[in-house]
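Beneath this line is the structure, given in structure tokens, with notes to follow.
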Amino acid sequence: MPHLHAIFPLPSNSKPFQHSNIFSSSSSSFSSSAPIRRRLPRTFSPSKHPNLKRLTSRIILEETENAKREYGKLNTIVMNAVMEACVHCGDVDLALNIFHQMTQPHSCGVDTVTYATLLKGLGRARRIDDAFQLLESVEKGTAAGKPKLSTQLIYGLLDALIEAGDLRRANGLLARFGFLLREGGSSSILTYNLLMKGYINTGCPQAAINLHEEIQLLGLEPDRLTYNTLIFACVKAENLEAAMRFFKEMKDKAQRLCCSDLYPDVITYTTLLKGFGHAKDLHSVQKIVLEMKSCHDLFIDRTAFTAMVDAMLNCGSIKGALCIFGEILKQAGANVDLRPKPHLYLSMMRAFADRGDYNMVKNLHERLWPDSAGTISLAAQQEADHLLMESALNNGQIDAAVENLTKIINRWKCISWTSRGGMVALRIEVLLGFNKSMLSPYLLPQVLPGNPIERIMLPLETVRPLSGSLELKKVVMRLYREPVVPIIDDWGSCIGLLHREDCCEMNAPLSTMMRSPPPCVTTTTSIGHVVDLVLKKKYKMVIVVKHSNLNGTTHGSRAVGVFTAEQLHNLVAPVPEGLKQKHTVRRSLTMF
């Protein structure tokens, strides 16, 4: 009998991986299910969300024109707000169009805020060359409106570059225009705060910690944000001893200088709770919780309470978590802002599902809707149902577990085969056997899910990536033949994926229509995880990068290969006839 390396249960009357359902072009890999209203028990199947960029652009333009007709010429403050809206929506082209309108004769004109907003938009869109050209025109005095080169302009672009994880260009910006940011011959503490955030975002927390020595050598005074960032970097680097040293230094300096702005705040304590919770250091978690409750000037908000419960649960202290959870519910009676979010209910349900406490999970499941605050996402609703099923199975109540699985099938129609709920469903399948199977599996007989993806990926050169500077009209037939193409920059780094359905401007560069950043995995990522990504997120292509190139982020890394939905389709095989038996119960559940 052949080894069954991977199983994908699908509806019994469906064909495997038809493009009309799983790989439909109407599904966007970057879309998310819209939240439903809290009081409506109905759930809707997630469908493709329209690209609202054009709609937003049209609304902005129409409202601006209506305002001009009603009030005449709009002032610079109003037009700056319009430009900020365009940047917030990611439509930098419309922001540039408005900028040019503002610079025309008899128009409202531009100011420093205008340039700062535009630079932020160009940085987020990774149009760095345009941003640098704009800065150089300001420096030379040739820019419209004759603005002065200021720290506001530099910090706006620097923050956008760091948020995008592009430290190479961020350091280039500092090398070129850093003289503006120097106070008394050295950079300000704000510059170092931004750089530390950038190193953390790109997966290099130790580099952020190392900046502390440079700060000391320059004689700069760290502020609360500096210490919070350093402590966060230490937690990311799993160096909790260094985190506590910075924590102690922070408190000692605040007490010595009588500076209330230096004392630890709720963010400081929450960060430490996450670190010690992850390290399963219950004693340190309890000590931090006690110190937080002893600080009379510290307001413990919902996020902090949630961090306490999560830390207790990670340390295995169910009793401690229940005590804090009860305290939250008690205080929420007087302060609705403390009502727990769905995440907290799910955390408690996971812990009790592990223990097989079906009654407690059932009670939390029932109170999730009326007692939690905020929107309960579809993913949270699904997980709650899965945990109820898991707790029943772990409690030995097979009939209750099967009943809950039946409800999941009828309500959700799909479940991730590598998710926690998927594993529970497969355990139930094993207990039921083939003659009572509730699922219809498909197999991946040619691969082992635990093998690295580099064994079956396509080398990057075989898919012929395109430069982001090319115009669509030059490669339009390529997109006619292929549904998705990787896009690279001048340095050979993959910066996005261009999907056929996104091609709308023949004269526009490919980089303006691509989806960025592209979904990436390392060469050592398991095949099973990549398959799950393709099916769950409906990705048509996943970029594979070298492990040493990733550095904790997928943005701007040099790609070595790809894995596509078409490859997965070719790997799938149905269950061998010898394993099939007539099912007494047939239900439609897609497992991806």
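The basis for the numbers below is simple: all heavy atoms, side chains too, and nothing from hydrogens, waters or symmetry mates.
- Between Leu338 and Ile328, the shortest heavy-atom distance links the atoms O-CG2, 3.3 Å.
- By the 4.5 Å heavy-atom criterion applied to side chains, Ser526 and Asn451 are not counted as neighbours.
- Salt-bridge annotation for Asp357 and Lys362: absent, with no side-chain N of the basic residue lying under 4.0 Å from a carboxylate O of the acidic one.
- Of the N and O atoms on the side chains of Thr525 and Thr522, at least one donor lies less than 3.5 Å from an acceptor on the other residue.
- Using a 4.5 Å heavy-atom cutoff, the side chains of Leu346 and Leu364 are not in contact.
- Atom CD1 of Ile456 is separated from atom CD1 of Ile527 by 4.0 Å, given to the nearest 0.5 angstrom.
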Exercise for the section: Evaluate the criterion side chain to side chain contact (heavy atoms under 4.5 Å, CB included) for residue pair Leu432 and Val402; output intermediate values, then yes/no. Expected result: CA-CA 9 Å; Leu432 293 177; Val402 172; 4.3 Å; yes
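- Taking CE of Met541 as the start and SG of Cys520 as the end, the distance is 11.5 Å to the nearest 0.5 Å.
- When the shell of 6.0 Å around NE2 of His343 is examined, it contains more than 12 heavy atoms from other residues, nucleotides or ligands.
- Side-chain contact between Ile300 and Lys293 is present, with at least one heavy-atom pair separated by less than 4.5 Å.
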Handout entry: Check against side chain to side chain contact (heavy atoms under 4.5 Å, CB included), Leu568 and Leu535
Key = CA-CA 9 Å; Leu568 178 57; Leu535 294 175; 3.7 Å; yes
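- Between the side chain of Arg124 and the main chain of Gly90, no donor-acceptor pair closer than 3.5 Å is present.
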Practice task
Check the pair Met308 / Leu273 against side chain to side chain contact (heavy atoms under 4.5 Å, CB included), numbers first and verdict last.
Solution key: CA-CA 7 Å; Met308 290 180 186; Leu273 282 173; 3.7 Å; yes
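- Ile231 contributes atom CD1, which lies 8.5 Å from atom CE of Met244 (distance to the nearest 0.5 angstrom).
- Defined by atom type and a distance below 3.5 Å, a donor-acceptor pair is present between the side-chain atoms of Tyr269 and Glu291.
- Smallest separation of non-hydrogen atoms from Lys341 and Ser372: C-CB, 4.3 Å.
- The pair Lys540-Glu501 counts as a salt bridge, with a side-chain nitrogen and a carboxylate oxygen less than 4.0 angstrom apart.
- Here the side chain of Lys546 pairs no donor or acceptor atom with the backbone of Thr523 at under 3.5 angstrom.
- Checking side-chain atoms of Asn404 against main-chain N and O of Ala400 turns up a donor-acceptor pair under 3.5 Å.
- Residues Val289 and Met312 approach most closely at CG2-CE, 4.4 Å, considering heavy atoms.
- The closest donor-acceptor contact from the side chain of Asn395 to the backbone of Ser391 lies at 3.5 Å or more, if one exists at all.
- By the 4.5 Å heavy-atom criterion applied to side chains, Leu329 and Pro340 are counted as neighbours.
- Checking side-chain atoms of Asp532 against main-chain N and O of Gly528 turns up no donor-acceptor pair under 3.5 Å.
- A side-chain donor from one of Asn228 and Asp265 sits under 3.5 Å from a side-chain acceptor of the other.
- A salt bridge links Glu383 with Arg350: the closest approach of a Lys/Arg side-chain nitrogen to an acidic carboxylate oxygen falls below 4.0 angstrom.
- Side-chain atoms of Val484 and Arg500, non-hydrogen and from C-beta on, never get closer than 4.5 Å to each other.
- In this structure, the side chain of Thr462 does not engage the main chain of Leu458 through any donor-acceptor pair within 3.5 Å.
- Heavy-atom minimum distance, Thr229 versus Lys197: CG2-N, 4.2 Å.
- In this structure, Phe305 has no ring-ring contact (aromatic ring centres under 6.0 Å, His included) partners at least two apart in sequence or on a different chain.
- Under the 3.5 Å distance criterion, the side-chain polar atoms of Ser516 are matched with a main-chain donor or acceptor of Ile495.
- The shortest side-chain heavy-atom distance between Leu497 and Ile487 does not fall under the 4.5 Å cut-off.
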Exercise for the section: Give the intermediate values and the outcome of salt bridge (Lys or Arg N to Asp or Glu O under 4.0 Å) for residues Arg515 and Asp502. Expected result: CA-CA 9 Å; Arg515 301 179 190 178; Asp502 295 336; 2.6 Å; yes
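- Contact detail for Val463 and Glu482: the closest heavy-atom pair is O-OE1, 4.5 Å.
- In this structure, the side chain of Asn239 does not engage the main chain of Val235 through any donor-acceptor pair within 3.5 Å.
- Between Leu479 and His499 there is no side-chain heavy-atom pair separated by less than 4.5 Å.
- Donor-acceptor pairing under 3.5 Å is recorded for the side chains of Arg411 and Gln381.
- When side chains are defined from C-beta on, Leu533 does not count as touching Pro519, because their heavy atoms never get closer than 4.5 Å.
- The distance from atom CG of Leu388 to atom CG of Leu405, rounded to the nearest 0.5 Å, is 11.5 Å.
- A distance of 10.0 Å separates CD1 of Ile288 from OG1 of Thr270, quoted to the nearest 0.5 Å.
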Practice task
Report the C-alpha distance between Tyr539 and Thr564 in whole Å, list the side-chain angles of each, state the deciding distance to 0.1 Å, and finish with yes or no for side chain to side chain contact (heavy atoms under 4.5 Å, CB included).
Solution key: CA-CA 8 Å; Tyr539 291 145; Thr564 66; over 6 Å; no
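- One distance of note links CD1 of Ile318 with SG of Cys323; it measures 11.5 Å at 0.5 Å rounding.
- Of the N and O atoms on the side chains of Arg302 and Asn335, not one donor lies less than 3.5 Å from an acceptor on the other residue.
- Considering all non-hydrogen atoms of both residues, Ala559 and Ile543 come closest at CB-CG2, 3.3 Å.
- Judged as a ring-ring contact (aromatic ring centres under 6.0 Å, His included), and not counting sequence neighbours, Phe352 has no contacts.
- Side-chain atoms of Asp385 and His365 form a donor-acceptor pair, as typed in the model, at a separation below 3.5 Å.
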